[in-house]
Amino acid sequence: MTIDAPSVPDTQVSMRIDGVDDAVLASLSGHIHIDVMVRRDGDETVADDVPVHFGHHWTPTASASAPESGVDGMPQPTGESGSVRSSDRPENAEPAEPAEPVISRRAVVAMGSRVPGAEERLRAAVVTLDATPGNQVERISPLYHAAGIDGPDESRAVIELSTRLAPHTLVGLLRSVEVGHEGAVTLRLVDMEGVSVDDDTCTIPWPPARRSAAVLAPWFDMDPDATYDGTPVSFLLAGAPDADAVGIQSDHWIIGETR
């Protein structure tokens with residue numbers, strides 16, 4: 001964004017991103033960089049006196065004077081070095097709680113696609129998850145073929161993440177990736193280290209995984225010592241009703257080889 005120099009003292013910038021889950025947006029907000037350019041006599045420089053508002057989060061960047069309220073009623077920073085007076089905060093704002101230590105947890109995500117070019121779709125989903133701040137893909141299963149019983153055949157895989165995202169934030173990210181692929185990819189959070197959740201938005205561990213060879217077979221292939229809710233995945237796979245309908249498709253699909 002570029003603004004003329006005379007308007008700088010009374011300027012603020014608000015940025016909104018649509019189509020992204022609020023929890024994911026909150027986790028990414030600290031990693032987004034915004035430059036505001038000031039034009040003076042034909043020359044442009046980066047402004048250091050324009051507060052930038054991002055979603056529900058706002059960052060005072062310097063000490064420019066400004067109205068008491070700004071865009072959408074958001075408070076304006078005043079004082080030196082971007083400091084914020086308590087009177088500038090919303091009246092209903094609660095005192096900030098001490099931040100809890102951010103820990104990294106192991107998370108298992110099941111992936112599937114029934115569309116032509118499924119391998120490319122799944123690879124793109126893996127890249128997106130690995131590129132998300134707080135995530136790192138640690139292991140990837142071979143690609144499996146699951147014969148459709150009530151529908152088309154499906155390509156299936158499982159990945160293991162090391163993640164610092166909270167469970168609901170991670171679930172929100174998975175849904176956002178699904179939306180980005182227009183439903184051509186399904187992503188499910190199957191298990192998360194030290195986490196047990198059962199509410200309206202997610203259930204961890206994911207119950208259908210217990211009896212699904214399309215999840216258990218690639219998971220076991222990726223991690224022979226894996227357990228689901230304390231039960232060895234190998235044991236669950238042996239008794240899965242769809243075990244005969246699932247077979248390995250490729251060991252090297254993630255690098256573009258499906259044969």
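- A salt bridge links R123 with E120: the closest approach of a Lys/Arg side-chain nitrogen to an acidic carboxylate oxygen falls below 4.0 angstrom.
- Using modelled atom types, one side-chain atom of R156 and one backbone atom of M111 make a donor-acceptor pair closer than 3.5 Å.
- Rounding to the nearest 0.5 angstrom, the gap separating the CH2 atom in W219 from the CG atom in L236 is 8.5 Å.
- Nearest heavy-atom pair across E178 and L187 is OE2-N, 2.7 Å.
- Contact annotation: the side chain of E193 never approaches that of V195 to less than 4.5 Å [non-hydrogen atoms, C-beta and beyond].
- In D199, the CG atom is crowded: over 12 heavy atoms of neighbouring residues, nucleotides or ligands sit closer than 6.0 Å.
- Here the closest heavy-atom approach between residue V190 and residue I204 is recorded as O-CG2, 4.5 Å.
- A salt bridge does not link R121 to E182: none of the charged side-chain nitrogens sits closer than 4.0 Å to a carboxylate oxygen.
- Counting heavy atoms from C-beta outward, W253 and L122 have side chains that approach closer than 4.5 Å.
- Under a 3.5 Å cut-off, the side chain of D153 and the backbone N or O of G148 do form a donor-acceptor pair.
- Between the side chain of T128 and the main chain of A124, a donor-acceptor pair closer than 3.5 Å is present.
- Both I255 and V137 sit in one connected hydrophobic cluster of ILVMFWY residues. Membership requires side-chain heavy atoms under 4.5 Å apart, directly or through other members.
- Rounding to the nearest 0.5 Å places CD1 of I248 at 13.0 Å from NE2 of H145.
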Would S155 and Q249 satisfy side chain to side chain contact (heavy atoms under 4.5 Å, CB included), going step by step from the backbone distance to the final call?
CA-CA 8 Å; S155 294; Q249 183 173 337; 3.5 Å; yes

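- In this structure, the side chain of S141 engages the main chain of V158 through a donor-acceptor pair within 3.5 Å.
- A continuous path of Ile, Leu, Val, Met, Phe, Trp and Tyr side chains, each step under 4.5 Å between heavy atoms, connects L216 with V108, placing both in one hydrophobic cluster.
- Heavy atoms only, all atoms of each residue included: A125 and H181 are closest at N-NE2, 4.1 Å.
- No side-chain heavy atom of Q136 sits under 4.5 Å from any side-chain heavy atom of L161.
- Using a distance-only test at 3.5 Å, with no hydrogens or angles considered, a donor-acceptor pair links the side chain of D242 to the main chain of A213.
- Under the 4.0 Å criterion applied to side-chain N and carboxylate O atoms, R139 and D223 are assigned as salt-bridge partners.
- Interatomic distance, I254 CD1 to L143 CG, rounded to the nearest 0.5 Å: 9.0 Å.
- Formation of a donor-acceptor pair under 3.5 Å by the Y144 side chain with backbone atoms of V215 is not found in this model.
- Using a distance-only test at 3.5 Å, with no hydrogens or angles considered, no donor-acceptor pair links the side chain of S212 to the main chain of P208.
- At distances below 3.5 Å, not a single donor-acceptor pair connects side-chain atoms of E160 with backbone N or O atoms of I140.
- Annotation for V233 and F220: closest pair CG1-CB, 3.9 Å, computed over non-hydrogen atoms.
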Take L189 and L174, measure what side chain to side chain contact (heavy atoms under 4.5 Å, CB included) needs, and give me the verdict at the end.
CA-CA 8 Å; L189 179 54; L174 299 182; 3.9 Å; yes

Go through the steps for T163 and N135 under the test side chain to side chain donor-acceptor pair (under 3.5 Å), then give the verdict.
CA-CA 4 Å; T163 183; N135 281 352; 2.6 Å; yes

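- Between R106 and D191 there is a salt bridge, since a side-chain N of the basic residue sits under 4.0 Å from a carboxylate O of the acidic one.
- Between the side chains of T231 and D229, not a single donor N or O lies within less than 3.5 Å of an accepting N or O.
- Side-chain contact between H168 and V197 is present, with at least one heavy-atom pair separated by less than 4.5 Å.
- The two residues S104 and S162 make their nearest non-hydrogen contact at OG-OG, 2.6 Å.
- Between T201 and V171, the shortest heavy-atom distance links the atoms O-CG1, 4.2 Å.
- Inter-residue side-chain proximity for L129 and V177 is flagged as met; some heavy-atom pair is nearer than 4.5 Å.
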